[in-house]
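Data first, discussion second: the structure below is written as structure tokens.
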Protein chains: 2
Amino acid sequence: MATRTGRSQRRTDALSRERIVEAAVELLDTSGESGLTFRALTERLATGPGAIYWHVANKTELLDAATDAVVAAALAVRPSESPGSPQDEVRAVALGLFEATEEHPWLAAQLATQLSRNPSGTVAPRIFESLGRQVRALGVPEGHWFTATSALMHYVLGAAGQNAANTGSARALGPGTGRAEFLDAVSTAWEGLDPGDYPFTRAVAGQVRDHDDREQFLAGIDLVLTGITALSPPREASPAEKPSRRGGAGRYPPPDE
Amino acid sequence: MATRTGRSQRRTDALSRERIVEAAVELLDTSGESGLTFRALTERLATGPGAIYWHVANKTELLDAATDAVVAAALAVRPSESPGSPQDEVRAVALGLFEATEEHPWLAAQLATQLSRNPSGTVAPRIFESLGRQVRALGVPEGHWFTATSALMHYVLGAAGQNAANTGSARALGPGTGRAEFLDAVSTAWEGLDPGDYPFTRAVAGQVRDHDDREQFLAGIDLVLTGITALSPPREASPAEKPSRRGGAGRYPPPDE
DNA sequence: GTTCCATTGGAACGGCGTACCAGAGGGGCC
DNA sequence: GGCCCCTCTGGTACGCCGTTCCAATGGAAC
């Protein structure tokens, strides 16, 4: 592998797997998933396909590397010393992924695809480990570690995916006010559903219009955390504080744009 | 199947959008996501691309239609008269989707992609409605309906996606015993992770080897249900039974292959 | 100075989704 | 019954994609 840390070769700006992945992420961010082509990549890097294929096996590996890089960055932002409760730590990790899918709308679908292609890759254990440590810190019995952490991870991935969906669609409507317009459109669409087939969905259509994504995401996290902490004490009420909505998370005020 | 219609000009077996979608689902099931091409479709239906494009706008719409058809079928299997508790109903709906992603390994990634492309399509409200009715039946205050149902849906989608991942990879190893071998491979891979970076993941590697997918999925559902039912009674213990693991769900024995 | 080889970039290939089109059939009108 | 028109068909062609192959480059080793 090109671990050769040599200096400038032919090009002054050495081509490296790292630079290629970085360019791929930028391309994905600006042009969407279909915007990442080897031709666009060769143009941006001012090179040819052969040079890229020297560092990367194929497009699948390139997508996996881009996904892994973004996830790793999202999980690495943990502030070095923030001795919050395990619940707060879970919220921080989850919010990191949540925000990553907001910044990179292609991430959610890519995560699903990558997990289904190669579940033993690096990205799943990375997330699993970050969440699992906090589950352990919550005092969950060891026999439930796997189940509890999996449930948490599944919720986070599902919710992040949904949010990426909304964010992407809102962006399509235009920046700035796009999000409000998008929620209004969804709300209106739901209100227009068949009353016989979709009574419940119609009933909550109004709640869609003015909910806050982060708050809703964190509320879901707290639902799962409530279920997980209920696993801890076989008897006697839990001494650990029960998760309260937005508890101690003043660090993440909703972006009141 | 492609009835060998000699060189008949006008076909007797009418081509319809329904037949095309059906063929697309079969193609996806047998050959995976990359197996669905218009060329393969024209061959299987013994026709040309133009005929298909007359009924379907493009490949994206075809994929959406296939996804929608499969999800609709999965949600339609509700036994007409099964007056179980709301918890049991939630489990039944969730298991329907879970099993659909097992039978159609391409479904999970496709759901994520479709939701991110067009969140106001038919598939999201369909799932949302099925789950939401049970949330309402649980006695959740109306102000929490949207949050609770969303959390449930996100967990189900995330977990189903993960399971499809595992199922797909297990199938690649071969039918029958493939699943046990796959779990063993993942478990071994996790045990081989860096002890400094992945202490938790290594610690639960053993639990991976012999867990049951459905049981784990239902346990996660129950975690979320516990959190949701905790929303119901501002005071006084819930009169409804608290969700117990596998409570009353003897209908779904683990497939002890 | 010569050799070597890791690296580069361009040309070419097969397959994909899709646009386009010449016609075939059958139902509605006379 | 004859005609026409409009729905529907299946073939051909195009442009872009991922990928392969290969001649050429130029610093490093001797």
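Only heavy atoms go into these numbers, but all of them, side chains included; no hydrogens, no water, no symmetry mates. All chains are named by letter (A, B, ...) in the order of the sequence lines, taking the proteins before the strands, and each is independently numbered beginning at 1.
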Could you give the [atom1]-to-[atom2] distance, from [X] to [N], as a whole number of Å?
X	N	atom1	atom2	result
B/Lys59	C/dC16	NZ	P	9 Å
B/Tyr53	D/dG11	OH	P	16 Å
A/Ile52	C/dA6	CD1	P	21 Å
A/Phe38	C/dG9	CZ	P	15 Å
A/Glu43	C/dG9	CD	P	14 Å
B/Ile20	D/dC8	CD1	C1'	11 Å
A/Asn58	D/dC17	CG	P	17 Å
B/Leu41	C/dC16	CG	C1'	14 Å

The side chain of B/Leu15 is closest to which nucleotide in this list: C/dA19, C/dT8, D/dT9?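 When the side chain of B/Leu15 is considered, D/dT9 is the closest of C/dA19, C/dT8, D/dT9.
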Determine, for [X] against [Y], whether the closest basic-nitrogen to carboxylate-oxygen distance falls under 4.0 angstrom.
X	Y	value
A/Glu22	A/Arg44	no
B/Asp68	B/Arg126	yes
A/Arg214	A/Glu102	yes

B/His55 side chain N/O closer than 4.0 Å to the phosphate oxygens (OP1, OP2) of D/dT7?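 It does not, given that no N or O in the side chain of B/His55 lies less than 4.0 Å from OP1 or OP2 of D/dT7.
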With a cut-off of less than 4.0 Å, is there a side-chain N or O of B/Trp54 near OP1 or OP2 of D/dC8?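 It does, given that an N or O in the side chain of B/Trp54 lies less than 4.0 Å from OP1 or OP2 of D/dC8.
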Ring centres under 6.0 Å, that's the criterion: do B/Phe38 and B/Tyr53 meet it?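 So the answer is yes for these two rings.
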I'd like to know if A/Arg39 reaches the base of D/dG18 with its side chain such that a donor and an acceptor end up less than 3.5 angstrom apart.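 Yes, a donor-acceptor pair under 3.5 Å.
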Check every strand shown and say whether B/Leu36 touches a base, only sugar-phosphate, or nothing at a heavy-atom separation below 4.0 Å.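 Sugar-phosphate contact only.
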